[in-house]
*Asks:* 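Quick one: structure below, then a few questions.
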There are 2 protein chains.
Amino acid sequence: MSQVDQAARRPTLKQVAARAGVAVSTASLVFSGRGPVSDEMAARVRIAAAELDYAGPDPIARSLRRGRAGVVGVIGEGTLMQALRDPYALGLLDGIMTGLDNTSTGLLLIAQSGSDPEAAIDQIAGTALDAVAFPLCGPRSNPVVEHLAGRGVPMVGTGAPEDDRVVQLTVDNRAAQAEVAAHVRDLGHTRVAHIAMPLNVAEYAVGTPRPFGPAEVTCSDFPDAQQRVRGFRDVFPDGPMITAPVSIEGGQAAARALLAADPRPTAIITQADTLAAGVIRAAEDLGLRVPDDLSVTGFDGVDLPWLPVTLTTIDQGGQAQGRRLAEMMLALARGEKLADEPAPYRLLIGNSTTAPR
Amino acid sequence: MSQVDQAARRPTLKQVAARAGVAVSTASLVFSGRGPVSDEMAARVRIAAAELDYAGPDPIARSLRRGRAGVVGVIGEGTLMQALRDPYALGLLDGIMTGLDNTSTGLLLIAQSGSDPEAAIDQIAGTALDAVAFPLCGPRSNPVVEHLAGRGVPMVGTGAPEDDRVVQLTVDNRAAQAEVAAHVRDLGHTRVAHIAMPLNVAEYAVGTPRPFGPAEVTCSDFPDAQQRVRGFRDVFPDGPMITAPVSIEGGQAAARALLAADPRPTAIITQADTLAAGVIRAAEDLGLRVPDDLSVTGFDGVDLPWLPVTLTTIDQGGQAQGRRLAEMMLALARGEKLADEPAPYRLLIGNSTTAPR
DNA sequence: CTGAAAGCGCTTACAG
DNA sequence: CTGAAAGCGCTTACAG
């Protein structure tokens, strides 16, 4: 009462009903359209609403009553910037938004700092969420899982975090990467190097390429990177390997290091299309032609129209994957139970690979 | 009662309090930390919470009581994909997220279809929002403004939508673009063309470059594009003008058209760095060197490390602008009144411009 | 088809 | 420092 003048309080359904001379419950029915209301009553309510400048039922009150927030969340590890620089992540996010269209379900963006992942919990604790997705290649374990599970918020992931309470939609990364490698082997390549995504969390802070050996693969923080390395090694057990931040610059720097070897590799298999784009750039810098002097492969199947070649890569169908993630979140929010499921992928053969000369 | 078994109901504060043998109000104080509670009471409550697996107060109920949703929204016109392909938009969004860090305020992403902008209202009507930003170069008028104003949700924009109820943080686009043009003129250029962002909504659907004349400038749907065209014309009243979708491909196609003229322009002034990148690509295709054969300017000041030159452009400081938008939303959500304010910018002189030969 | 009542889960004055 | 009460704005059985 004493704060009435502090801000023009919004009118409530109660006031609208009073003005229309009907019960609140009737007025509610008019807005939700869930019950039968005579045209006359409905008209009276609508007029009263217009007169009072009532813009519809308060979403918070409705959420409390219905027990549903009408919002799902997307958790991205690291800076948004960093994550969305990758067109694959962008496609995934776009797919999720598309899947949410005409659902009246909102999408909340949650960035989780790599250096202080616990901080995200406080943020999340304050927001109502019906379901959550971890769409990006995140780390194997994540403290927010415990918090969300405690709140009963269902979760979906694409391989990470690894937890029974997270429903997974995963590409068989190992098999897919092995398929690419087999294609390269079948072309006749024997000196083949591999550029992997970062294998552990600390590496993200560093940001420079780092050679690694088989021993490190076991203890990787990132399941996707790990599985892809395994796929590569299934075909080329002895090829040199290096990690790089997933960016054009990262791929370029890593390729520069790999191509300094003598004899240099005739093919480089990377774990991301952006990495492959960097390799191509490095090759150009060195005056090497792709694919004649160097075969290059990617992973993801994103659209990079400005590349001088079309990549041989694994098409993960990022948009479709995002749409499916959205569907899964919506189903989980409705209380349905879901099982893990495989995400489709296929080998795309472009002209970035050819037989070695 | 009859649905008790349908889903494991989350424990409530009431249950925690009962178990701890304290009043609900006391238990509430323990979680919010807003009142003085003895250590013993607090401990009892925490233990009870742990035993019941209580993950903290329900955010929806808290929001209803507090009258604050803890969520602000960002409205992007067009596909998310489309919007975020532009590194400037990405930087802005990243800045907004950064500005929201440590605030326990969530960020809701709202995509508003260009073909059916009214559809966004239904989506928005269902979600609780404390404030909203229109960060991108959107159209002059937007139906969601009316809805949000009706709900009392404060809004900030960067020049659009144009409405008294939207607080604006705007770069003086006309002055900034004129400053770039003056720099080019001072270098000695006289045959100078302009590539503008789309001038009207319909154009977004088309997606191909389209020459336009001064008459069309008056009725542009997009204030930013309009003001930048005016800035160009302040210096080069007779230069040829063309619109293009804001992308590398768009800039490339537009430049191809402009460079077909005889005599061809010695400089092209664009309204976005990505457009400028496209111009450089088109120049390369034609065997023209930048800046020797063709001077090129951008707008935005985004990081394009892979460009062969550094762009002469207007640095809008996208990240900082995003952070400021976040601050403004938070202030408005607190009930503060804000006035329109200018956003800083500065001319950055790179090596994409030089005197004509 | 309409209305009166209960209650979603919490927080905040207010008394003690 | 602790507790009992009111109420945030709505929706949903339930009676009529």
Side-chain angles (χ1 to χ4, degrees), chain A residues 1-4 6-7 9-45 48-49 52 54-70 125-128 130 151-152, chain B residues 1-4 6-7 9-45 48-49 52 54-70 125-128 130 151-152:
Chain A
M1 271 298 172
S2 58
Q3 284 136 293
V4 150
Q6 188 171 313
R9 297 201 79 69
R10 295 281 96 212
T12 68
L13 190 58
K14 197 173 159 189
Q15 291 166 37
V16 172
R19 179 164 194 125
V22 304
V24 238
S25 46
T26 307
S28 173
L29 260 22
V30 172
F31 288 103
S32 69
R34 290 185 181 229
V37 182
S38 69
D39 289 352
E40 196 214 321
M41 284 286 149
R44 262 166 54 196
V45 170
L52 290 175
Y54 180 72
D58 180 319
I60 300 180
R62 160 182 279 169
S63 291
L64 178 59
R65 191 48 240 244
R66 292 210 176 139
R68 199 75 67 70
T127 38
D130 294 332
R151 273 171 60 182
Chain B
M1 273 295 170
S2 57
Q3 284 138 293
V4 150
Q6 189 169 311
R9 298 201 79 69
R10 294 280 98 212
T12 68
L13 191 57
K14 197 172 159 190
Q15 291 167 39
V16 172
R19 179 164 194 122
V22 304
V24 238
S25 47
T26 305
S28 173
L29 260 22
V30 171
F31 288 104
S32 69
R34 291 188 181 227
V37 182
S38 68
D39 290 352
E40 196 214 320
M41 285 287 150
R44 265 168 49 198
V45 170
L52 290 175
Y54 180 72
D58 180 318
I60 301 181
R62 160 184 279 169
S63 290
L64 178 59
R65 190 50 239 246
R66 291 210 177 139
R68 200 74 69 68
T127 37
D130 295 331
R151 273 170 61 181

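Predicted model, so just to flag it, every value in this text is computed and none were measured. In the text below, chain A, chain B and the rest are named by the order of the sequence lines, each starting its count at 1.
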*Asks:* Do Ser25(B) and dG3(D) share a donor-acceptor pair, side chain to base, under 3.5 Å?
*Replies:* yes
*Asks:* Just to be sure I understand: a Watson-Crick pair is purine N1 to pyrimidine N3 plus N6-O4 or O6-N4, both under 3.5 Å. Using that and G-U wobbles, which stems of three or more pairs involve DNA chain D?
*Replies:* C:1-3 with D:14-16, C:5-12 with D:5-12, C:14-16 with D:1-3
*Asks:* Whole Å only: how far is the NZ atom of Lys14(B) from the P atom of dA4(D)?
*Replies:* 13 Å
*Asks:* Rounded to whole angstrom units, what separation is found between the CZ atom of Arg68(B) and the P atom of dT12(C)?
*Replies:* 11 Å
*Asks:* It should be established whether Thr26(B) places a side-chain nitrogen or oxygen under 4.0 Å from OP1 or OP2 of nucleotide dT2(D).
*Replies:* no
*Asks:* dT12(D) phosphate, OP1 or OP2: any side-chain N/O from Arg66(A) under 4.0 angstrom?
*Replies:*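 Looking at the OP1 and OP2 atoms of dT12(D), one of them is under 4.0 Å from a side-chain N or O of Arg66(A).
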*Asks:* Between Asp58(A) and Thr12(A), does the side chain to side chain contact (heavy atoms under 4.5 Å, CB included) criterion hold? Intermediate values first, please.
*Replies:* CA-CA 8 Å; Asp58(A) 180 319; Thr12(A) 68; over 6 Å; no
*Asks:* Would you say Tyr54(B) places a side-chain N or O within less than 4.0 Å of OP1 or OP2 belonging to dC10(C)?
*Replies:*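 For dC10(C), OP1 or OP2 has a side-chain N or O of Tyr54(B) closer than 4.0 Å.
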*Asks:* When you measure from the side-chain N and O atoms of Ser38(B) to the phosphate of dT2(D), is any distance below 4.0 Å, counting only OP1 and OP2?
*Replies:* yes
*Asks:* How many whole angstroms separate atom CD of Glu40(A) from atom C1' of dC1(C)?
*Replies:* 11 Å
*Asks:* Indicate, with a heavy-atom threshold strictly under 4.0 Å, whether Ser28(A) touches base, sugar-phosphate, or nothing.
*Replies:* base
*Asks:* Take atom CZ of Arg10(A) and atom C1' of dC8(D), then tell me their distance rounded to the nearest Å.
*Replies:* 16 Å
*Asks:* State, to 0.1 Å, how close Ala125(B) and Pro59(A) come at their nearest heavy-atom pair, and which atoms those are.
*Replies:*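 Nearest pair, atom of Ala125(B) first, then Pro59(A): O-CG, 3.6 Å.
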*Asks:* Measure the spacing between CZ of Arg62(A) and CD1 of Ile60(B) and express it to the nearest 0.5 Å.
*Replies:*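 Arg62(A) CZ to Ile60(B) CD1: 12.5 Å, rounded to 0.5 Å.
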*Asks:* Nearest of dT2(C), dT2(D), dC10(D) to any side-chain atom of Leu13(A)?
*Replies:* dC10(D)
*Asks:* When you get a sec, tell me which of dT12(D), dC10(D), dG9(C) is the closest nucleotide to the side chain of Thr12(B)?
*Replies:*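 The closest nucleotide is dG9(C).
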*Asks:* Using atom CZ of Arg44(B) as one end and atom C1' of dC1(D) as the other, report the distance to the nearest whole Å.
*Replies:* 13 Å
*Asks:* So, does Asp130(A) use its side chain to make a donor-acceptor pair with the main chain of Ala69(A) at under 3.5 Å?
*Replies:* yes
*Asks:* Nearest whole angstrom, please: distance from the C1' of dC8(C) to the CZ of Arg65(A).
*Replies:*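 Distance, rounded to whole Å: 6 Å.
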*Asks:* Check each of Val24(B), Val22(B), Leu29(B) against Thr26(B) using the side-chain contact (heavy atoms from CB on, under 4.5 Å) test, and report the only one that passes.
*Replies:* Val22(B)
*Asks:* CG of Asp58(B) versus P of dG7(C): gap in Å, rounded?
*Replies:* 18 Å
*Asks:* Expressed in angstrom and rounded to an integer, what is the separation of Leu64(B) atom CG from dT11(C) atom C1'?
*Replies:*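 Rounded to the whole Å, the gap is 10 Å.
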*Asks:* After noting the C-alpha distance and the side-chain angles of Arg65(B) and Ser28(B), does the key distance pass the side chain to side chain contact (heavy atoms under 4.5 Å, CB included) rule?
*Replies:* CA-CA 12 Å; Arg65(B) 190 50 239 246; Ser28(B) 173; over 6 Å; no
*Asks:* Just to verify, what does Arg151(A) make a salt bridge (charged side-chain N to carboxylate O under 4.0 Å, His left out) with, not counting sequence neighbours?
*Replies:* none
